[in-house]
Asks: 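Below: one structure in structure tokens.
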Amino acid sequence: MAMAVRVCLGFLIVLLYSNFSTALYEDQVGLADWHQKYIGKVKQAVFPTQKSGRRRVVVSTEENVIASLDLRRGDIFWRHVLGKDDHVDQIDIALGKYFITLSSEGSILRAWNLPDGQMMWESAFYVSTPSKSLLYVPANINLGKENWFLVFSGGWLHAVSSIDGEIVWKKEFAIDSLEIKQVFQPPESDIIYAVGFVGSSQFSVCELSSKSGEVLKHNTASFPGGFCGEASLVSSDMLVALDATRSALIAISFQSGIINFHQTYISDLVQDFSGMAALLPVKFTGIFAMKTVSSIYLVRVKGVSELEVLEKFNHPASVSDALTLSEEQQAFGIVQHVETKIDFRVKLDKDLRNGVLKETIEMDPQRGHVQKVFISNYVRTDKSHGFRALIVMEDHSLSLVQQGVVVWSREDGLASIIDSTTSELPVEKEGVSVAEVEHNLFEWLKGHALKLKGTLLLASPDEIAAIQAMRLKNSERNKMTRDHNGFRKLIIVLTRAGKLLALHTGDGRIIWSLFFPSLHRSEACEHPSALNIYQWQVPHHHAMHENPSVLVVGRCGPSHDALGFFSVVDSYTGKERNSLKLAHSIIQVIPLPLTDSTEQRLHLIIDANLQAHLYPRTRDSVNIFLREMSNIYRHSIEVGKDMIRGYSLQSGCNLDVADEYCFNTKELWSIVFPSESEKIATTATRKINEVVHTQAKVIADQDVMYKYVSRNILFVATVAPKAAGEIGSVTPEEAWLVAYLIDAVTGRILHRVTHHGAQGPIHAVVSENWVVYHYFNLRAHRYEMSVIEIYDRSRADNKDVWKLVLGKHNLTSPVSSYSRPDVMVKSQSYFFTHSVKAMAVTATAKGITSKQLLIGTIGDQVLALDKRFLDPRRNVTLTQSEKEEGIIPLTDSLPIIPQAYVTHALQVEGLRGIVTIPARLESTTLVFSYGVDIFFTRIAPSRTYDSLTEDFSYALLLITIVALVAAIFATWILSEKKELREKWR
Amino acid sequence: MRRSAEAIASLLLLSCLLPSVLAGPASLGDGYTIAGRVKLEGKTSIGFIPPLKNSNAEVILNGGQRVTFLREDGYFSFHNVPAGTHLIEVSAMGYFFSPVRIDISARNPGEIQAALTENRRVLHELVLEPLREEQYYEIREPFSLMSLLKSPMGLMMGFMVLVVFLMPKLTENMDPEEIRRAQEEMRAQGVPSLSSLLPGRSN
């Protein structure tokens, strides 16, 4: 019998561990996961005018993405994410088929093939002094002849061949400290004009030969008032600049080498001007655009001394670049807000009074103000010009407007998620069934029979398609109610623009959105920005009738001591329930593990004066808090000073007004790292909501080890100051990495280990009693991952059963950070192939399921790696009992199994974060990863042992049962007959 | 600047003829140029991953410090890289590339050595080829009786069949006398008592 049990157990273990990963079949793609592609806030956009490219627009964004979009639908044709420091400065289109980008402060020029995004060539320039870079692509480029692009960056002017990107000639201007503002070449001319400023008061015009870059003429004139550096070219011999005080305009004409200045005060030009003006970088002929605090002005330049204000637009408004319609006709677009709608107008430069087009468009108020507008034209059937506009809004969304309607919108704010949380969906009410149950039994059976055919690989292609469609449209997963397994939730994300969006985990659709800046913008709070998002109220016992809500914390300005604001948002409706202007700043928000009688979570906010403020501000919460105050500690990590401090809380605040919700902090301990040898690189703590199922770990030989499970473990990694930079900047002898495990309550260092010849970037994850961290080993020149597991030795003698029976164990004695722990540490290191962008660990509802590490690799994929590969007890030769326990033999590097990528054949471009959310089903974790793209899936680290998988074949089960029943009847009849025969004998 | 561009171009050409690692002592500031090539020809793509185009591959220097893209012919270059030891990674969906260690010598300007970090193979030419293809999906096994029998349900059924057919055989081989005795014993005992169930006491 015992033998049989052992066999069964062994069989089970084989079943459980036969597959290390939860791999996916190709036809399961899209069943539990979704992927959305974004590009980020559009910085520049160019419309190709050549025949083939007419239906697309190419853009560059603030997320360093360059992309080609479909003008009809807004889909992405192709997209490239450039490096993190490779900001795109200028874009243009050349020869009708090349998309030219100038990036990295003007040091890299690339040409991309317009139809498919293939890079054609790349050239690099040496940048000595950082300056604004310029790209000039001649408009009348000839296809047959070799043409040159002009690039000014870092004090050099380069002429680059359009065919292969080779540098034809270059000219240095940095010697004369001349900073070029404009470069242009009049049509049909061999002379290139470069105009700019020398220092702050001299204006300079250079004429260069376009063949060799030779300086033909160089004229300089000084202007006593000085320049602020902004200039706008209005014609081929005239420039408008702002003076050093930004209160006067200077028209500069430089016809045939003679430089003339003429100063006009802005206050003479426009009424009620105050403050400073700025020139907008829009390209018009004969007109320039100027922005003041309240308005945008369009000013026409008639002569050196004659300026005329054409139009005034009150903020918020945006003006597009000029669009050349014909030889002498230019058009430009203006977008303005009119109450809740936006007003889009197109005007021709010849006839400014009457616009060509005037449209009023309904725009979602959750999009904020207009930021940028780009226009393009098309020829209607009656040969007249039609216009469409690409509008970038304050929430980073992109919309195409044509004929008075929004044709499409892209929610590109989702490319810059800064924080996220989750919320449960409402419970399904009785009588209100949202689900459409299968119509009848016959169809249900037919569906399952099809699925069975699919699993047995007997289905024809048509049937496979039918199965796939059936699975994807499964209405179950998109319902707006809570499900039994906890797979359906709302993911609430906060974007950098300050927009809060709720995404459904079923298909990733947006349920609601809320834009904070427009909600909180006021006189006192001019630039509100949202910082973080927390769970405010999760009703489950008491306030069941209330909707859950989230807390959004923000501050009014960019600096750390700007006043904060609070906003509580209903998770179901997306309406702001209440908001609060704080009278103090926000440095840190600590959600406490305490809730008041209405299930509102208590939060402590630390301000710049190190005072703690308790929220919600109710009597009830203060009473709860005061009871627990002696157990609440906080720590602060000062990266710049290389210090960690721990604080406790005290009643009373040194404020002018008595405030019972304000508490003082008292420094308890501090750890100062020697600044000449160590610099804090990374810190990590356990997730507050992590559940640990058992403290004991049964190892081979029926032995028990007790995990040192503490919520206050703080992992700190420091590196040598020299090695704080990138890989390749330091030799192995100069680099080291020190890993600390610190108790955040007492400041006691539990463990310290030094890795010589190692450097960052470091990514770490802390869970239960272990830490895993990823770093670069300079000696082997490979990435490495280390694991540290920490065990409590003071409990190690609790192995005796009799002690447990008689209650003489110390398992129920309280665990205190102040009792000196007797810990034992095990650690091991392994090589890992890839660079890592983000790391996380799976989290399940009860913490029983074994864990997997989720590693965001450099290729923007998310790899699931079983924690058993990072077990310090791995060994080269394993004993029989260790093998039975499931320990994997030691190898020097961690395996990368392609089927273990949870993102399968997809990439989460620009990956920045991975969030794990436990489902109600113990075996399953929901994974949300974000970057420029967002991706959601659910994974089961030890397979779904507690439920039948979705493709479980009920039909096969039914057939088996029917067959068994038939067999029973058949054998029964046979045995009856046999018996009868026996009796007759 | 033009000279350096020519130098790079000529080096690119030379690399086709000479088995030398590409190095460009460029006049771009103090740095050097790392130029190489990613080769994907001769590799058949697996059915469901779209055939790899060079436009979808990225080459990454030092874990994300710089990113560059492949040209149509598979060539790539990093300009203005300081002397030292660097790491190059290639990200291309469907392929597994080993990171490459690049040593740019400061003493002999322009001398560059390259080696794969996964298997320490020294590259004489900076031509990067995938170590293997990556298949992100499990492949469904074609229907076979064995796989059905191997599944838990199949094993259970197999066991049942085994019992059904083997148990009668077991009783057949027993001595009829013994069976009778056992049956009598059971009848005599009637309700099984606790003592008879305890091991060692039953007989």
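Order of the sequence lines fixes the chain letters, A, B, ..., with proteins taken first and strands second; residue numbering starts at 1 for each chain. Just so we're clear, the structure is a prediction, and the values are computed from it rather than from any experiment.
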Asks: Is it the side chain or the backbone of Ile896(A) that comes within 4.5 Å of chain B heavy atoms, both, or neither?
Replies: both
Asks: Who wins among His781(A), Lys837(A), His904(A) for the most heavy-atom pairs under 4.5 Å with chain B?
Replies: His781(A)
Asks: In terms of heavy-atom pairs under 4.5 Å with chain B, which of Tyr783(A), Trp78(A), Trp121(A) leads?
Replies: Tyr783(A)
Asks: Can you list the residues that meet the side chain to side chain donor-acceptor pair (under 3.5 Å) rule with Gln759(A), with sequence neighbours excluded?
Replies: none
Asks: Let me see the working for Arg110(A) and Thr68(B) under side chain to side chain contact (heavy atoms under 4.5 Å, CB included), right down to the final yes or no.
Replies: CA-CA 10 Å; Arg110(A) 293 191 180 104; Thr68(B) 193; 4.2 Å; yes
Asks: Please look at Leu87(B) and chain A and tell me whether the side chain, the backbone, both or neither of the residue comes under 4.5 angstrom of a heavy atom of that chain.
Replies: both
Asks: Using non-hydrogen atoms and a 4.5 Å limit, figure out which bit of Glu89(B) sits close to chain A: side chain, backbone, both or neither.
Replies: side chain
Asks: Heavy-atom distance under 4.5 Å to chain B: side chain of Ser893(A), backbone, both or neither?
Replies: neither
Asks: Can you list the steps and then say if Phe96(B) with His834(A) is a side chain to side chain contact (heavy atoms under 4.5 Å, CB included)?
Replies: CA-CA 10 Å; Phe96(B) 178 85; His834(A) 296 299; 3.8 Å; yes
Asks: I'd like to check the side chain to side chain contact (heavy atoms under 4.5 Å, CB included) partners of Asp103(B); sequence neighbours left out, ordered by chain and number.
Replies: Thr85(B), Arg101(B), Gln113(B)
Asks: Please state whether the rings of Phe97(B) and Tyr95(B) are parallel, tilted or perpendicular, taking 30° and 60° as the class boundaries.
Replies: tilted
